[in-house]
Amino acid sequence: MRTLEVHGSTGKSSILVGEKLSEFPIPMEKAVIITDTIVNGHYGKDFPPFEVIEIPTGERIKNLTTVTEIYERLLELEVDRSFFIIGIGGGVVCDIAGFVASTYLRGLKSVMVPSTLLSQVDAGVGGKNGVNLGGYKNIVGVFRQPDWVLCDISLLKTLPQRQVHSGYAEIVKHAAIGDADLFSFLEEHHRKALHLDSQVMENLIYHSLVIKASIVNRDEKENGERRILNFGHTFGHAIEKTTAFSHGEAVSVGMVIASRLSEQIGYLEAKDSRRIETLLKRLRLPIRLQAKKEEIFDAIRKDKKRNGDRIKFVLLKAIGRPFVEEIPIGKLENAVGDII
Ligand SMILES: NC(=O)c1ccc[n+]([C@@H]2O[C@H](COP(=O)([O-])OP(=O)(O)OC[C@H]3O[C@@H](n4cnc5c(N)ncnc54)[C@H](O)[C@@H]3O)[C@@H](O)[C@H]2O)c1
Ligand SMILES: [Zn+2]
């Protein structure tokens, strides 16, 4: 087991990465568990003996209606400030449970148990808790660090393959923006990673989280540096919105475009851009996309982070050396080339 910490304005978050973490003793007497139907089906029998609030699955239920239903249940259960909220599930459950824990009674203590690879390396950690409203993703939310985050590798065994691959997109992202050694480790061990080898996974998740945690420690509320976590996400979000690609798949293509753009502007060496593409491909992620370019550019023009006809874009000088530059949207066409 490995541990690390995030120090946010609302307190410290202790993160554990390992196997069978359900046996780890967290000092709590009263708690309510929030989970979804699928995770409850797989693991409900192993949950600690607390009341369980089960929600449906899917991005569509990540909204204020679900949050209100949970508040009402907490009222019925007479939950007071001595209770912990435990969120067990993927990014959707972590976002909802984190939002509820941050707002009910102006904030309860919380434990997140992210159960997808994506949520273990990303959504479950960092204290950003948001829900969707009126077609906008994560538009209502708060920053608040959970007290504990347990990244239990044994939960990943029941994940569908496509979900595992999607999670790798965020690990590649963390390596590309923050750790050239992690990138090389992933290149060397991609086969074991695809088979969820315990030691390789513990190493990958831990080092990926070290990068995210250190960025969050320096810029919790995304005033500056935290933006580099959006590497691959400008196109990623637009692709996710307009195609059937999952978040990770969309970000994978987004990272290929961002690398290509970095190369075209003369920052990233061609061989490093190729390494990124090759690694994504080896991790069974898409590096090309069949879609209408125009629809994707329309979505980019609606991006919240746009500034007139320019957009803040995360680029690379080398693997592990990111920076942010404002790019005219017109200049992106060239980078996309034959990728879409
Ligand atoms: N707050 C943040 O910083 C942040 C960061 C990244 C992503 N997110 C959010 O995370 C969400 C995506 O998260 P996700 O990819 O984990 O999706 P998800 O939560 O929808 O989970 C995907 C599916 O896997 C199932 N599942 C979960 N754990 C499982 C397990 N161990 N075995 C079998 N099935 C399991 C779920 O029931 C669900 O059907 C999005 O809403 C995104 O906005 C938030
Ligand atoms: Zn992402």
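Each ligand, and each atom within it, is numbered from 1 in the order the structure gives. No hydrogens, no waters, no symmetry mates; every other heavy atom, side chains included, goes into these values.
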Could you work out, for atom 33 (C) of ligand 1, the closest of Thr116, Ile55, Thr158 by heavy-atom distance?
Thr158
Mind listing the protein N/O/S atoms less than 2.8 Å away from the Zn ion (ligand 2)? Waters don't count.
Glu170 OE2, His233 NE2, His247 NE2
Using every non-hydrogen atom in the two residues, find where Ala123 and Gly91 come nearest and quote the distance to one decimal.
CB-CA, 3.7 Å
Is it the case that Thr158 and Tyr43 place a side-chain donor and acceptor less than 3.5 Å from each other?
yes
Indicate whether the side chain of Asn63 and that of Thr66 have a donor and an acceptor atom separated by less than 3.5 Å.
yes
For Glu78, is the CD atom crowded, meaning more than 12 foreign heavy atoms sit under 6.0 Å from it?
no
Under 30°, 30 to 60°, or over 60°: which ring-plane class applies to His237 and His233, parallel, tilted or perpendicular?
perpendicular
Would you say Tyr168's side chain and Ala193's backbone share a donor-acceptor pair under 3.5 angstrom?
yes
Candidate list Leu332, Val256, Thr234, test side-chain contact (heavy atoms from CB on, under 4.5 Å), partner Leu261, passing option
Leu332
Give me the residue, atom name and distance of the protein heavy atom closest to atom 20 (O) of ligand 1.
Val92 CG2, 3.4 Å
Is there a side-chain contact between His207 and Arg2 in this structure, where contact means two heavy atoms from C-beta onward sitting under 4.5 Å apart?
yes
Write out the residue and atom name of the closest protein heavy atom to atom 15 (O) of ligand 1, then the distance separating them to 0.1 Å.
Leu118 CD2, 3.6 Å
Protein heavy atom at shortest distance from atom 41 (O) of ligand 1
Glu59 OE1, 2.5 Å
Of the listed options (Ala123, Gly41, Gly167), which comes nearest to atom 5 (C) of ligand 1 when hydrogens are ignored and any heavy atom counts?
Ala123
Which segment of His42 sits under 4.0 Å of ligand 1 when only heavy atoms are counted:
side chain
Is there a donor-acceptor contact under 3.5 Å linking the side chains of Asn334 and Arg260?
no
Taking the side chain from Asp147 and the backbone from Ser110, do they hold a donor-acceptor pair closer than 3.5 Å?
yes
Do Gly89 and ligand 1 have an N or O pair less than 3.5 Å apart?
no
How far is atom 35 (C) of ligand 1 from its nearest protein heavy atom, and which residue and atom name does that atom have?
Leu159 CD2, 3.7 Å
Looking only at protein heavy atoms, which one is nearest to atom 23 (C) of ligand 1, and what is the separation?
Gln163 NE2, 3.9 Å
Just to verify, which of Val52, Leu77, Ile86, Ile70 counts as forming a side-chain contact (heavy atoms from CB on, under 4.5 Å) with Val32?
Leu77
N/O of Pro160 under 3.5 Å from N/O of ligand 1, yes or no?
no
Taking the six-membered ring where the residue is Trp, are the ring centres of Phe84 and Phe50 under 6.0 Å apart?
no
Report yes if Ser115 has an N/O atom closer than 3.5 Å to an N/O atom of ligand 1; otherwise report no.
yes
Given that the side chain starts at C-beta and the backbone is N, CA, C, O, which of these parts of Asn129 lies under 4.0 Å from ligand 1, counting heavy atoms, or is it both or neither?
neither
Hey, does Lys128 come in under 3.5 Å of ligand 1, counting only N/O atoms on both sides?
yes
Under 4.5 Å between side-chain heavy atoms, counting indirect links through other Ile/Leu/Val/Met/Phe/Trp/Tyr residues: same cluster for Leu209 and Leu229 or not?
yes
Tyr206 side chain near Ile15 side chain, heavy-atom distance below 4.5 Å
no
How does Thr37 reach ligand 1, if at all, at less than 4.0 Å between non-hydrogen atoms: by side chain, backbone, both, or neither?
neither
Can you pull out the closest protein heavy atom to atom 34 (N) of ligand 1? Residue, atom name and distance to 0.1 Å, please.
Ile38 CG2, 3.8 Å
Close-contact set for ligand 1 against Asn138 heavy atoms, below 4.0 Å:
43 (O)
Counting from 1, what ligand 1 atoms have a heavy atom of Leu155 closer than 4.0 Å?
30 (C), 31 (N)
Looking only at protein heavy atoms, identify the closest one to atom 37 (O) of ligand 1 and say how far it is in Å.
Asp36 OD2, 2.7 Å
Please write down residue, atom name and distance for the protein heavy atom closest to atom 10 (O) of ligand 1.
Gly91 CA, 3.2 Å
Counting from 1, what ligand 1 atoms have a heavy atom of Tyr43 closer than 4.0 Å?
31 (N)
Short side-chain to backbone donor-acceptor contact, Gln145 and Gly126, under 3.5 Å:
yes
Check if Lys62 has a non-hydrogen atom at a distance under 4.0 Å from any atom of ligand 1.
yes
Ring geometry between Phe235 and Phe297 (parallel below 30°, tilted from 30 to 60°, perpendicular above 60°)
perpendicular
